[in-house]
Trainee: 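I am attaching a structure below and will ask some questions about it afterwards.
Ligands are counted one by one from 1 in listed order, and the atoms in each one are counted from 1 as well. These numbers were taken from a predicted model, which means no experiment stands behind them.
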Amino acid sequence: TTRTNTTTMPGTIHNGDSLSPTTVTLFDTDPGIDDAFALALALASPEVNLRYVTTVAGNTGIRAVTRNAAHLLSLMQADTDVVLARGAGVPVAGPVRNARDFHGSDGLGGHQRSLLDAGLKAHRVRADAVRLIIEAAARHGPALNIIAVGPLSNVALALRLAPDVMRSIGRLVIMGGAVRVAGNVTAAAEFNFFADPVAAAEVIAAGLTTTVVPLDVTQQVRCTPKAIQKAFGHRSDLYARAMRDFADQAFKRQPHGFALHDPLAVAAAILPEVVRTERVPLQVVTGTGIAAGMSLEDARTFDAAVSEGTLTDVAFGVDTNAVLELFEARVLRFGSRRRSRHHSNASRVVVVGGANMDLVVKSTVLPRAGETISGGDLAQVPGGKGANQAVAAARAGAAVALIGRVGEDAFARDLYAAL
Ligand code: RIB
Ligand code: CA
């Protein structure tokens with residue numbers, strides 16, 4: 001077999017804009033049931049170096065979403081040095097909106113109280129999210145990626161106060177908008193853009209390197225009752241009970257499966273290839289009329305947008321299976337350890353070794369020493385002295401850590417997904 005050694009750089013995957021441990025992520029959120037699942041995906045993903053979480057009023061009020069974030073970070077075992085800050089309690093303009101009909105007045109489907117009473121040590125909260133966003137942009141510049149999954153009030157305010165600093169960041173990934181589909185709040189508008197249309201309009205027009213993940217794709221990716229039951233039905237730990245409770249609330253409104261709006265934005269930041277994007281001139285309708293918050297794709301403004309540098313990458317296609325595989329492996333299995341057949345609790349195994357992709361061909365002859373032969377049926381199979389042993393130990397029920405190196409190419413990405 002011919003082994004493709006992908007160890008050109010220590011363990012990070014640089015797929016153009018994808019995240020990697022050498023980049024830093026700031027998560028701006030209004031938890032929020034799907035926000036909670038998105039936060040779990042971010043925290044469970046080695047590609048996401050989550051250092052900052054900022055809250056914004058949206059699904060419900062700023063006090064509730066901030067309290068939720070402080071406890072969700074603890075529930076999901078986030079590093080205590082992840083900085084959490086409270087943000088805007090009202091939109092930069094226009095009336096205050098909410099999505100309590102879906103997320104509940106506490107933002108977590110009525111389960112906030114049980115989360116607060118679970119004995120978790122809530123994350124410390126700073127009072128100044130907008131200043132934190134600007135500080136992070138100034139500190140990390142192009143190494144900073146922002147994933148915004150609530151109304152864009154904080155991001156808009158940071159742009160107003162420090163436009164040049166904000167324009168130095170890497171990528172802004174936004175869950176928001178409904179471009180070639182109807183809205184989910186009005187016929188025209190998706191909730192995050194509807195809740196603060198002026199902020200959305202300013203952020204989209206700011207010319208940051210932006211990917212918008214709209215309802216066009218998020219409504220295609222759903223977490224079903226069957227998936228929740230399979231993942232959490234047999235578990236009694238707090239994480240499983242809490243996530244199951246949040247999901248049950250969502251199933252009341254979407255009984256066949258709730259849309260993974262915010263988790264898809266995180267998935268697209270981690271693995272950009274899970275969405276198909278088009279670079280289009282996008283605008284957001286402001287005001288309070290029937291079209292307020294509408295995300296408008298107007299091809300007639302294409303040339304102007306090119307010259308102004310405001311074309312926006314908008315996701316119009318999604319590899320639903322790839323996203324659900326990532327979601328299941330990282331969110332639904334988060335915190336679960338299959339009991340080892342040989343130990344009262346799973347032994348910890350640390351494997352130090354290589355992970356590489358084996359390229360295998362079939363041949364009808366065995367080569368003599370030094371002979372070159374031809375073969376067919378080329379197959380690409382994850383392998384490596386280390387990765388194979390780690391997978392075997394995990395299948396035997398051990399809690400395994402693999403320390404190795406992969407490079408920056410497609411083989412590395414496939415290896416990560418396989419591992
Ligand atoms: O329209 C979906 C968005 O609105 C999601 O971010 C959800 O959490 C709500 O904020
Ligand atoms: Ca949200």
Side-chain angles (χ1 to χ4, degrees), residues 26-42 53-62 64-66 68-69 72 87-91 96-109 111-112 129 146-155 172-197 199-200 203 211-223 243 246-247 249-254 257-269 284 292-295 314-315 318 323 327 331:
L26 184 148
F27 185 67
D28 187 69
T29 178
D30 60 333
I33 290 170
D34 59 323
D35 304 68
F37 284 89
L39 181 59
L41 179 58
V53 176
T54 51
T55 60
V56 61
N59 287 322
T60 190
I62 189 63
V65 298
T66 304
N68 293 342
L72 288 170
V90 294
V96 175
R97 313 284 191 180
N98 67 66
R100 291 180 180 131
D101 59 329
F102 184 90
H103 296 269
S105 57
D106 65 3
L108 292 177
H111 298 288
Q112 182 196 71
I146 296 177
I147 304 175
V149 296
L152 291 165
S153 317
N154 290 338
V155 180
L172 170 64
V173 180
I174 295 168
M175 189 282 133
V179 185
R180 297 172 185 167
V181 296
N184 61 354
V185 183
T186 67
E190 173 278 329
F191 175 76
N192 287 337
F193 283 18
F194 179 72
D196 198 340
V203 171
T211 298
V212 170
V213 180
L215 295 184
D216 305 59
V217 286
T218 63
Q219 286 179 327
Q220 297 178 47
V221 188
R222 293 183 178 268
C223 178
M243 302 303 269
F246 302 156
Q249 168 69 14
F251 292 141
K252 289 176 186 169
R253 296 291 298 270
Q254 299 178 348
F258 68 90
L260 295 179
H261 301 298
D262 298 347
L264 181 54
V266 175
V284 180
M294 181 177 185
S295 33
V314 179
V318 58
V323 175
F327 183 77
V331 176

Trainee: Please report the closest heavy-atom contact between Met175 and Glu190, naming both atoms and the distance.
Mentor: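 So the two residues come closest at SD-OE2, 4.0 Å.
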
Trainee: Could you pull out all residues at least two apart from Arg100 that satisfy salt bridge (charged side-chain N to carboxylate O under 4.0 Å, His left out)?
Mentor: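 Applying salt bridge (charged side-chain N to carboxylate O under 4.0 Å, His left out) to Arg100 gives none.
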
Trainee: Mind running side chain to side chain donor-acceptor pair (under 3.5 Å) on Asn59 and Asn98 for me, showing each step along the way?
Mentor: CA-CA 5 Å; Asn59 287 322; Asn98 67 66; over 6 Å; no

Trainee: Under a 4.0 Å heavy-atom cut-off, what residues line ligand 1?
Mentor: Asp30, Asp34, Asp35, Asn59, His103, Val149, Met175, Asn184, Glu190, Phe191, Asn192, His261, Asp262

Trainee: Is Asp35 reaching over with its side chain to a backbone N or O of Thr29, donor-acceptor style, under 3.5 angstrom?
Mentor: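 A pair under 3.5 Å: no.
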
Trainee: Pick one: which of Asn154, Val212, Ile174 meets side chain to side chain contact (heavy atoms under 4.5 Å, CB included) with Val203?
Mentor: Ile174

Trainee: What is the OD2(Asp262)-the Ca ion (ligand 2)-OD1(Asp30) angle, to the nearest 10 degrees?
Mentor: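 Here the angle at the metal atom is close to 140°, to 10°.
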
Trainee: Check for a donor-acceptor pair, side chain of Asp34 on one end and backbone N or O of Asp262 on the other, with a separation under 3.5 Å.
Mentor: yes

Trainee: Before moving on, can you tell me the angle at the Ca ion (ligand 2) between the O atom of Val149 and the OD2 atom of Asp35, to the nearest 10 degrees?
Mentor: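 Angle O(Val149)-the Ca ion (ligand 2)-OD2(Asp35): 100°, rounded to 10°.
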
Trainee: Heavy atoms only: give me the nearest Val96-Pro91 pair and the separation to one decimal.
Mentor: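 The pair with the smallest heavy-atom distance is CG2-CD, 3.8 Å.
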
